[in-house]
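Worksheet for the structure shown next.
By convention here, the first residue in the shown sequence is residue 1. Whatever order the structure lists them in is the order used to number ligands and atoms, beginning at 1.
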Amino acid sequence: MKLSRTRSQETILKLLHQLGREISAQELYIELRQANLALGLATIYRALEALKLSGTIQARLLGNGETLYSIAQQDRHHMTCLQCGTSIALREEECPVHALEAQLRQSAQFEIYYHTLEFFGLCSPCQQEKVSVGS
Ligand SMILES: [Zn+2]
Ligand SMILES: [Zn+2]
């Protein structure tokens, strides 16, 4: 399948590469405006959806319903605090799913773009807060 990207997709992709971090569609909208590359929100959502389906970017849904987009990466995982929403990235070598993915690629005949793995709980400042509230 040949990939043909629209101009807005290219623009968004370039910005995501430059930023090198996760960003919401709203933030993306603001960043693009600041770079004098203003796109409508509907266009941004359409472009993000197309890029997601092509495996170029990945989306991560946060607990608050917000979706963050970034360039698709094989092994980027987070521990997310349910109380304050802080996301702490795991190191790449800490991913236990990597080997399984390689195996599935071969055996399941499924074109895997990326996988997700997330942990939820309380970060250490929030744990301490809980202790002091409880006492
Ligand atoms: Zn992984
Ligand atoms: Zn926290």
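You'll find the side chain of R46 stays beyond 4.5 Å of the side chain of L41, heavy atoms only. Using a 4.5 Å heavy-atom threshold, the side chains of L90 and M79 count as touching.
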- side-chain contact (heavy atoms from CB on, under 4.5 Å) between L13 and L51: does it pass, once the steps are laid out? CA-CA 8 Å; L13 210 50; L51 289 168; 4.2 Å; yes
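No side-chain donor from either of S8 and T43 sits under 3.5 Å from a side-chain acceptor of the other. In summary, the side chains of S54 and R5 do not present any donor paired with an acceptor at a separation below 3.5 Å, with no hydrogens or angles considered.
Atom CZ of R21 has more than 12 neighbouring heavy atoms from other residues, nucleotides or ligands inside a 6.0 Å radius.
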List the atom pairs, donor and acceptor, that lie under 3.5 Å between side-chain atoms in residues 23-40 and the rest of the protein, sequence neighbours left out.
{"residue": "S24", "atom": "OG", "partner": "E27", "partner atom": "N", "Å": "3.2"}
{"residue": "S24", "atom": "OG", "partner": "E27", "partner atom": "OE1", "Å": "3.4"}
{"residue": "E27", "atom": "OE1", "partner": "S24", "partner atom": "N", "Å": "3.2"}
{"residue": "Y29", "atom": "OH", "partner": "R33", "partner atom": "NH1", "Å": "3.3"}

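In summary, the aromatic rings of H98 and H115 are positioned with their centroids too far apart to meet the 6.0 Å limit.
The Zn ion (ligand 1) does not have H98 among its coordinating residues (no N/O/S atom, backbone or side chain, under 2.8 Å). At a threshold of 2.8 Å, the Zn ion (ligand 1) has no backbone or side-chain N, O or S atom of E101 nearer than that distance.
Looking only at N/O/S atoms, D75 comes nearest to the Zn ion (ligand 1) through OD1.
Note on the Zn ion (ligand 2): protein N, O or S atoms under 2.8 Å away count 4, no waters included.
Vertex the Zn ion (ligand 1); arms to C95 atom SG and H115 atom NE2; angle 120° (nearest 10°).
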